[in-house]
Amino acid sequence: MKHLPFFIFRLVLSTTAQNDLTGTIFNNQKELLPYSNIVLFKMPDGVFYKASYSDENGKFKIANCSNGDYTLQVSSVGYVPLSRKLTLNLTTDLGTIILSENTEELDAVLVTANRPTRDKKAGRLVFNVENTVLSTGNMQNLLKKHQVFFRRKEPIWYKILQR
């Protein structure tokens with residue numbers, strides 16, 4: 001009678017079997033791949049189940065997985081993702097998982113920027129109209145397009161035209 005709680009505990013523990021999934025991730029040159037993503041999807045519908053990442057030594061562990069069929073997906077930046085179907089019944093060590101390098105490269109990257117046509121600086125307003133549509137025409141039309149307001153009663157271009 002005194003062993004009854006122990007047997008009940010063992011019975012509950014055996015009906016909720018939990019397994020650990022472990023492994024180590026390498027690249028083609030047999031170098032460890034730290035901080036790779038490991039994701040388990042429950043089959044047959046492919047619903048997300050659990051996820052983890054590898055440590056500095058490329059080792060990972062996903063604890064407390066229930067029995068069943070899964071899809072394991074392993075990915076890392078710069079490498080082709082690996083997908084593998086597996087069935088968990090016991091604690092499983094997948095051993096070595098090797099990811100291949102992704103050799104796709106961009107041809108070129110072109111970064112362009114435009115200067116703003118109006119720029120406020122300390123005590124002045126600067127117009128950068130070089131290489132724009134606004135560079136054609138005269139100063140009066142340019143200032144009209146930008147609707148410049150000054151603290152004076154008449155704008156500067158009015159005084160320039162009066163001369």
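Residue indices begin at 1 and follow the sequence shown.
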Review point. Shortest non-hydrogen contact from L94 to I97?
Key: CD1-CD1, 4.1 Å

Point to revise | salt_bridge(K85, D69) N-O dist < 4.0 Å | key: no

Side-chain donor-acceptor contacts of residues 43-56 below 3.5 Å, not counting sequence neighbours, with atom names and distances?
unit_1	atom_1	unit_2	atom_2	d
Y49	OH	S66	N	3.1
Y49	OH	S66	OG	3.3
K50	NZ	A63	O	2.8
K50	NZ	N64	O	2.8
S54	OG	L33	O	3.0
S54	OG	Y35	N	3.0
S54	OG	S36	N	2.8
D55	OD1	N57	N	3.0
D55	OD1	G58	N	3.2
D55	OD1	K59	N	2.9
E56	OE2	Y35	OH	3.3

Review point. Distance only, no hydrogens: is a donor on one side chain within 3.5 Å (strictly under) of an acceptor on the other, for N67 and N19?
Key: yes

Check your understanding: Looking just at side-chain N and O atoms, do D93 and T22 make a donor-acceptor pair shorter than 3.5 Å?
Key -> yes

Review point. Does anything in residues 94-104 pair up under side chain to side chain donor-acceptor pair (under 3.5 Å), and if so which pairs, sequence neighbours excluded?
Key: none

Review point. Is there a side-chain contact between N37 and V74 (heavy atoms, below 4.5 Å)?
Key: no

Check your understanding: Should L40 and I62 count as side-chain neighbours, where that means a heavy-atom distance under 4.5 Å?
Key -> yes

Please set out all donor-acceptor pairs under 3.5 angstrom arising from side-chain atoms of residues 23-30, sequence neighbours excluded.
unit_1	atom_1	unit_2	atom_2	d
N27	OD1	Q29	N	3.1
N27	OD1	K30	N	3.3
N27	OD1	E31	N	2.8
N27	ND2	E31	OE1	3.0
N27	ND2	Y79	OH	3.3

Check your understanding: Do Y70 and L82 sit in the same hydrophobic cluster, where Ile, Leu, Val, Met, Phe, Trp and Tyr count as joined when their side-chain heavy atoms come under 4.5 Å apart?
Key -> yes

**Study point:** Verify same cluster id: L72, L88 (apolar side-chain graph, 4.5 Å)
**Key:** yes

